[in-house]
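Notes for the one structure printed next.
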Amino acid sequence: MILTPLAVLLACSRPEDTAAETLTITAPDGVSVSLGEPTACAAPRDTVTYTEVGAEWGLLGSEDASGDHLEGGGLAVGDLDGDGDLDIVTSFTDEPLALYIQDDGFAVSYISLPGEQWGQPSLADLDSDGDLDILLNWEAARVLWNDGAWTEKRLPELNDLMAGEVIRSVLPGDLDGDGDLDLALALTSPQGPDSRIDRVAWQEDGSFTVGMLPTEAAGRSAFDAVLFDHDEDGDLDLYVVNDFQEGNVLWANDGGDFSEASCSCDVAVGGMGVSLGDYNADGLADLYVTATANSVLLEGMADGNFVDVTAVTGASPLTAPEQMGWGSTWLDHDNDGQLDVLLATGDLWHAGDDGLPQFDSTLHLLAQDDGAFTDVTTDHGLTAAGSFRSVVAADLNGDSVLDLIATDVRARPRIYLSDGCTAADWLAVTAPPHSTVRLTAGGQTQTRWINPDSGYAASSPSEAWLGLGEAAVESLEVILPDGGVVSITGPLQARRRVVITP
């Protein structure tokens with residue numbers, strides 16, 4: 001069902017009749033809402049189990065187990081060829097950038113992409129042509145245009161300002177509300193704080209104007225960042241995670257003007273990454289920060305501040321000082337309506353001249369039960385050893401359970417496909433990046449932020465996955481990046497996809 005609203009100044013609404021439900025859908029002019037058919041689960045499993053198929057799918061990884069582990073392990077997941085299947089991009093040191101095109105579940109085609117240097121991939125429709133392009137960052141900012149040939153273009157407006165810096169994170173988003181995708185860049189450099197200033201690149205008709213963030217807090221050793229509207233003023237704010245206990249920074253965005261904000265979220269850790277979610281279903285953004293020895297869960301408070309609840313929730317499984325948390329993502333792995341955490345851990349870097357040891361780590365699946373997290377990794381067979389970096393959770397095989405993708409700087413990526421479906425219901429919402437999704441079911445409201453930035457060096461599909469347990473969906477509200485609102489008043493059948501297209 002496609003709803004094309006009437007061309008009126010205000011959003012229009014009308015009841016839509018289907019065979020099993022009557023809905024009222026409200027959408028801004030020019031926005032379409034597509035409701036997929038509900039899917040059945042004929043033989044629900046008692047617990048979620050996985051089968052690892054990375055080798056079967058032909059995924060390749062680093063062949064240099066002794067290489068520099070500060071690089072490599074980039075991961076992006078999205079539909080790059082527009083066929084409805086999710087594709088995979090991986091990036092490793094001294095290896096070609098790889099694109100794996102999926103065709104109806106399992107047949108995967110490998111494409112070696114242009115470019116000689118490693119980069120952390122992000123996916124975004126930078127030129128607004130309807131296709132996802134690949135943004136890469138490291139020692140230079142570049143774009144691979146999704147034009148059939150993956151033409152590489154460097155962004156001189158960004159690169160000409162750099163002198164030995166490393167772009168740790170490049171985040172696309174409309175930062176000034178003009179409809180063009182701008183870029184937030186978190187940088188680091190061995191040359192000191194004066195040459196590693198975090199920046200914002202403003203786009204206008206395909207070209208960029210670069211500005212540096214103010215104050216000395218922009219000159220720290222950034223490793224990752226995330227864009228979200230912290231103060232709910234309609235502007236995307238920027239949270240930067242810094243290494244070496246230099247303190248993380250929240251940058252408040254006011255119409256394109258950035259200033260350092262007070263948030264009690266300036267934790268000083270050896271930060272590697274950050275992911276965004278609402279684990280306690282209070283409608284406020286929470287931050288999971290990965291770091292050396294101890295990852296940190298920061299719970300958002302109504303006054304705009306954050307509080308560290310790691311110890312009371314059991315949200316960090318790390319116990320040894322040499323352990324490192326790298327990538328992470330929030331997910332509802334069993335569709336019970338509570339957000340869990342998938343954490344990638346690995347060694348610090350490599351056993352080179354500095355003599356730092358390599359050691360085997362694992363993924364950690366932290367299942368939530370009313371605010372408390374339990375490590376259920378071994379229960380689900382995620383026991384492969386390696387030095388893991390980036391993680392993404394997405395339903396690759398269409399069986400109604402999220403699959404797990406993880407990179408390893410010492411081996412090929414792992415793909416853990418779920419085996420079968422769950423009795424618990426779910427709803428998946430595809431909408432433009434940085435939309436806010438609020439779903440009310442069983443009298444409770446879940447909030448998700450569609451944010452492709454999926455922790456360290458990872459980009460995930462532009463989708464919100466909401467587990468429901470046995471609760472019936474009463475309403476769905478999606479706030480688009482430009483402030484427009486799509487609402488569906490039900491009851492709405494679950495186990496289906498909702499696609500919102502401007």
Side-chain angles (χ1 to χ4, degrees), residues 28-31 76 78 80 115 119-147 149-163 165 167-187 196-215 218 222 225-231 233-240 251-260 431-435 450-453 459 462 479-484 501-502:
D29 182 32
V31 174
L80 280 87
Q120 300 179 1
S122 300
L123 303 181
D125 184 7
L126 199 61
D127 53 2
S128 301
D129 66 350
D131 298 319
L132 288 174
D133 307 302
I134 303 175
L135 287 77
L136 293 164
N137 58 286
W138 193 243
E139 295 177 357
R142 52 198 172 102
V143 178
L144 300 181
W145 297 113
N146 193 346
D147 56 4
W150 293 106
T151 303
E152 180 181 12
K153 176 185 177 182
R154 302 212 167 206
L155 301 179
E157 304 95 326
L158 279 64
N159 299 330
D160 290 349
L161 294 177
M162 296 174 58
E165 294 167 307
I167 307 175
R168 279 289 183 185
S169 189
V170 54
L171 308 178
D174 185 3
L175 303 177
D176 54 5
D178 67 352
D180 292 322
L181 282 182
D182 311 302
L183 303 174
L185 302 106
L187 288 84
R196 62 186 185 209
I197 307 299
D198 299 328
R199 296 176 170 87
V200 174
W202 312 103
Q203 183 186 180
E204 184 173 356
D205 297 328
S207 62
F208 291 90
T209 302
V210 182
M212 296 186 180
L213 294 178
T215 82
V226 65
L227 288 169
F228 70 109
D229 187 4
H230 168 254
D231 52 9
D233 66 349
D235 299 317
L236 289 173
D237 307 305
L238 175 66
Y239 183 69
V240 178
W251 297 96
N253 180 10
D254 183 10
D257 293 325
F258 284 84
S259 60
E260 188 176 356
H434 304 298
S435 298
I450 295 184
N451 197 317
D453 311 312
S459 179
S462 186
I479 304 173
L480 302 174
D482 63 2
T501 308

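The analysis underlying the following values was restricted to heavy atoms, covering all of them including side chains, and did not include hydrogens, waters or symmetry mates. Heads up: numbering here begins at 1 and tracks the sequence.
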Quiz item: Atom OG1 of Thr151 and atom CG of Asn146: how far apart are they, to the nearest 0.5 Å?
Solution: 10.0 Å
Practice problem: May I ask you to decide if Val170's main-chain N or O and Ser122's side chain share a donor-acceptor pair within less than 3.5 Å? | Solution: yes
Exercise. Decide side-chain contact (heavy atoms from CB on, under 4.5 Å) for Phe258 and Asp198; before the verdict, give the C-alpha distance in whole Å, the side-chain angles of both, and the deciding distance to 0.1 Å.
Key: CA-CA 11 Å; Phe258 284 84; Asp198 299 328; over 6 Å; no
Exercise. List the steps and the verdict of side-chain contact (heavy atoms from CB on, under 4.5 Å) for His434 and Asn451.
Key: CA-CA 5 Å; His434 304 298; Asn451 197 317; 4.1 Å; yes
Quiz item: Should Val143 and Asp127 count as side-chain neighbours, where that means a heavy-atom distance under 4.5 Å?
Solution: no
Practice problem: Kindly indicate, with the supporting measurements, whether the criterion side-chain contact (heavy atoms from CB on, under 4.5 Å) is fulfilled by Leu236 and Leu171. | Solution: CA-CA 11 Å; Leu236 289 173; Leu171 308 178; over 6 Å; no
Self-check item: Check: Asp237 and Asp229 side chains under 4.5 Å, non-hydrogen atoms
Solution: yes
Quiz item: Between Pro432 and Leu480, is any pair of side-chain heavy atoms under 4.5 Å apart?
Solution: yes
Quiz item: Between the side chain of Asp182 and the main-chain N/O of Gln203, is any donor-acceptor distance below 3.5 Å?
Solution: yes
Quiz item: Just how far is it from atom CG of Asp254 to atom CH2 of Trp251, taken to the nearest 0.5 Å?
Solution: 14.5 Å
Quiz item: Between Asp125 and Leu132, is there a donor-acceptor pair closer than 3.5 Å when you use the side chain of the first and the backbone of the second?
Solution: no
Quiz item: Okay, side chain of Asp133, backbone of Leu126: is any donor-acceptor separation there less than 3.5 Å?
Solution: yes
Quiz prompt | Heavy-atom side-chain proximity of Ile134 to Leu123 below 4.5 angstrom | solution = yes
Exercise. To the nearest 0.5 angstrom, please state how far the CG atom of Leu227 sits from the CG atom of Asp453.
Key: 6.0 Å
Self-check item: Heavy-atom closest pair, residues Ala186 and Val240
Solution: CB-CG1, 4.2 Å
Quiz item: About how many Å separate CD of Glu152 and CG of Leu136, when rounded to the nearest 0.5 Å?
Solution: 7.5 Å
Quiz item: Just how far is it from atom CG of Asp180 to atom CG of Asp178, taken to the nearest 0.5 Å?
Solution: 4.5 Å
Quiz item: What's the spacing between Leu238 CG and Asn253 CG if we round to 0.5 Å?
Solution: 9.0 Å
